[in-house]
There are 2 protein chains.
Amino acid sequence: MTEDAVVSPFRPVRHEHDACIDDALDAADALCAKQGVRLTTLRRRVLELVWGSHGPMGAYDILDRLREERMRDEKKGAAPPTVYRALDFLLSNGLIHRIESLNAYVGCGAPSDGHAGQFLICGDCGSVGELDDPDITKMIASKAEAMGFAVTHQTIEATGLCPECARRGAKNEN
Amino acid sequence: MTEDAVVSPFRPVRHEHDACIDDALDAADALCAKQGVRLTTLRRRVLELVWGSHGPMGAYDILDRLREERMRDEKKGAAPPTVYRALDFLLSNGLIHRIESLNAYVGCGAPSDGHAGQFLICGDCGSVGELDDPDITKMIASKAEAMGFAVTHQTIEATGLCPECARRGAKNEN
DNA sequence: ATGGTTTTGTTATGTTATAACATCGCAAAC
DNA sequence: GTTTGCGATGTTATAACATAACAAAACCAT
């Protein structure tokens, strides 16, 4: 009821978003348990906020949300390090990705395998799809290797038009 | 004679750096003339500074250099917008690239064709190599297209170890 | 309960980037 | 040759993103 007027999407297939968040959080719980790290209340809440957003979420967006909540509970607000620490934790455990070209964060659709993400970012609606194609990863690694360069991490972000926005755009050109 | 104590490299092949800068500036002059845009003194100087650096250069690094120069000339300093505007011009004319994962800028080794760069960033020495491999570009575009996504710009940045640093690292492990 | 470790809070500050408006300088139109 | 228009630059202020450093609290292993 807060700000869902425009249903964004392009998370690959449309889905029940609430259920999707629950699944992601359950997966995160399990993964952290397995890794022996602590998905604390704060960290879990930040992860939930990131998943709950329709698009990539900036650190200060998250901060604002936390502040709102705490104010409602008559507690003191939060400060940037609180958010950045939670984000660092989630990043280093593969539960979220950082989108460099947006300075923003998205939930990782397939945690557990220690992959970097490959993102398709719609310039129109801001939604993000995750690709994670091993062919791309391999091709880049091997082309780099041919130059004597040993890749440890890849940042792959493509900007463009998502299917929905392309459709909408085409319609408006009659 | 200014600060070349450590010769960085991994710009693909080692080269006479000064001559390389001159070439880049000449190419930039020509390209701007052809495009009917103005490579003003300021813009040209910023481009020169970017090329003159051994690695990617941050906007505020450039700003500091400009300030030094102007102070030496007993003029007033410069402010951020001065640099960012020059960078915007150079970016939109394909004369430099922005490296998202570093918030920094490098000279474009092959302007004129309107490509995005593909970068190999050494985590050890900070040097950057440009790849620009059309196979990679095409593969990403086609994989995205298969999902109904129309790519307009790609950001491809790989972090790792450059040939020189790998050699040096191996040597230190005896 | 105690002591060590991890997490979170808190304050301050660093770094990167842009908005908004003023001024300058050149070149086309008169 | 002045006026006028426009692109470039100057200037001030502030927005947006991120981290350092130290204090307090929560956790949990013994």
Query raised in the report: Which pairs, with at least one residue in residues 149-161 of chain A and sequence neighbours excluded, count as a side chain to side chain donor-acceptor pair (under 3.5 Å)?
Result: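 Only A/Ser101-A/Glu157 qualify under side chain to side chain donor-acceptor pair (under 3.5 Å).
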Report task. Answer yes or no: does a side-chain N or O of A/Thr40 lie under 4.0 Å from OP1 or OP2 of C/dT6? Result ->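 No, A/Thr40 has no side-chain N/O under 4.0 Å of OP1/OP2 on C/dT6.
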Report task. Between B/Thr41 and A/Asp61, just flag the one whose closest nucleotide in DNA chain D comes earlier from the 5' side. Result ->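 On the 5' side of the pair lies B/Thr41.
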Requested in this report: Identify the 5'-most and 3'-most nucleotides of DNA chain D with at least one atom closer than 4.0 Å to a non-hydrogen atom of chain B.
Outcome: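 Listed 5' to 3', the contact boundaries are D/dA8 to D/dT12.
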Are there any protein N/O atoms within less than 3.5 Å of an N/O atom in nucleotides 9-14 of chain C, and if so, which ones and at what distance?
residue : atom : partner : partner atom : Å
C/dG9   : OP1  : A/Arg70 : NH1          : 3.0
C/dG9   : OP1  : A/Arg70 : NH2          : 3.2
C/dG9   : OP2  : A/Thr82 : OG1          : 3.3
C/dG9   : N7   : A/Arg85 : NH2          : 2.4
C/dG9   : O6   : A/Arg85 : NH1          : 2.9
C/dG9   : O6   : A/Arg85 : NH2          : 3.4

**Report entry** Within residues 110-130 of chain B or reaching into it, pairs that qualify as ring pair (Phe, Tyr, Trp, His ring centres under 6.0 Å) - sequence neighbours excluded
**Finding:**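 Counting only pairs at least two positions apart or across chains, the ring pair (Phe, Tyr, Trp, His ring centres under 6.0 Å) contacts touching residues 110-130 of chain B are B/His97-B/His115, B/His97-B/Phe119.
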Query raised in the report: Residues two or more places apart in sequence or in another chain: which of them pass side-chain hydrogen bond (donor to acceptor under 3.5 Å, both in side chains) with A/Glu68?
Result: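 Checked A/Glu68 against side-chain hydrogen bond (donor to acceptor under 3.5 Å, both in side chains); zero matches.
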Query raised in the report: Does the distance from a Lys or Arg side-chain N to an Asp or Glu carboxylate O, for B/Glu69 and B/Arg72, drop under 4.0 Å?
Result: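 So B/Glu69 does not pair with B/Arg72 through a salt bridge.
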Report task. Can you see which heavy atom on B/Ala144 is nearest to which on A/Leu120, and at what distance? Result ->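 Nearest heavy atoms, B/Ala144 then A/Leu120: CB-CD2, 3.8 Å.
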Report task. For residues A/Leu95 and A/Cys32, report the shortest heavy-atom separation together with the two atoms involved. Result ->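 Reported closest heavy-atom pair: CD1-SG, 4.0 Å.
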Report task. Calculate the interatomic distance between A/Phe89 atom CZ and C/dT7 atom C1'; express it in whole Å. Result ->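 Taking atom C1' of C/dT7 as the reference, CZ of A/Phe89 is at 11 Å.
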Requested in this report: Using the salt bridge (charged side-chain N to carboxylate O under 4.0 Å, His left out) rule, collect all pairs that involve residues 83-111 of chain A, keeping only residues at least two apart or in two chains.
Outcome: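 Every salt bridge (charged side-chain N to carboxylate O under 4.0 Å, His left out) pair that includes a residue of residues 83-111 of chain A, provided the two are not neighbours, is A/Arg98-A/Glu100.
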Query raised in the report: Nearest nucleotide by nearest heavy atom, which residue falls closer to the 5' end of DNA chain C, B/Tyr84 or A/Val37?
Result: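 Its nucleotide being nearer the 5' end, the pick is A/Val37.
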Report task. Ignoring hydrogens and angles, tell me if any N or O in the side chain of B/Asp133 forms a donor-acceptor pair with the backbone of B/Asp135 under 3.5 Å. Result ->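 Yes, because the side chain of B/Asp133 sits within donor-acceptor range (under 3.5 Å) of the backbone of B/Asp135.
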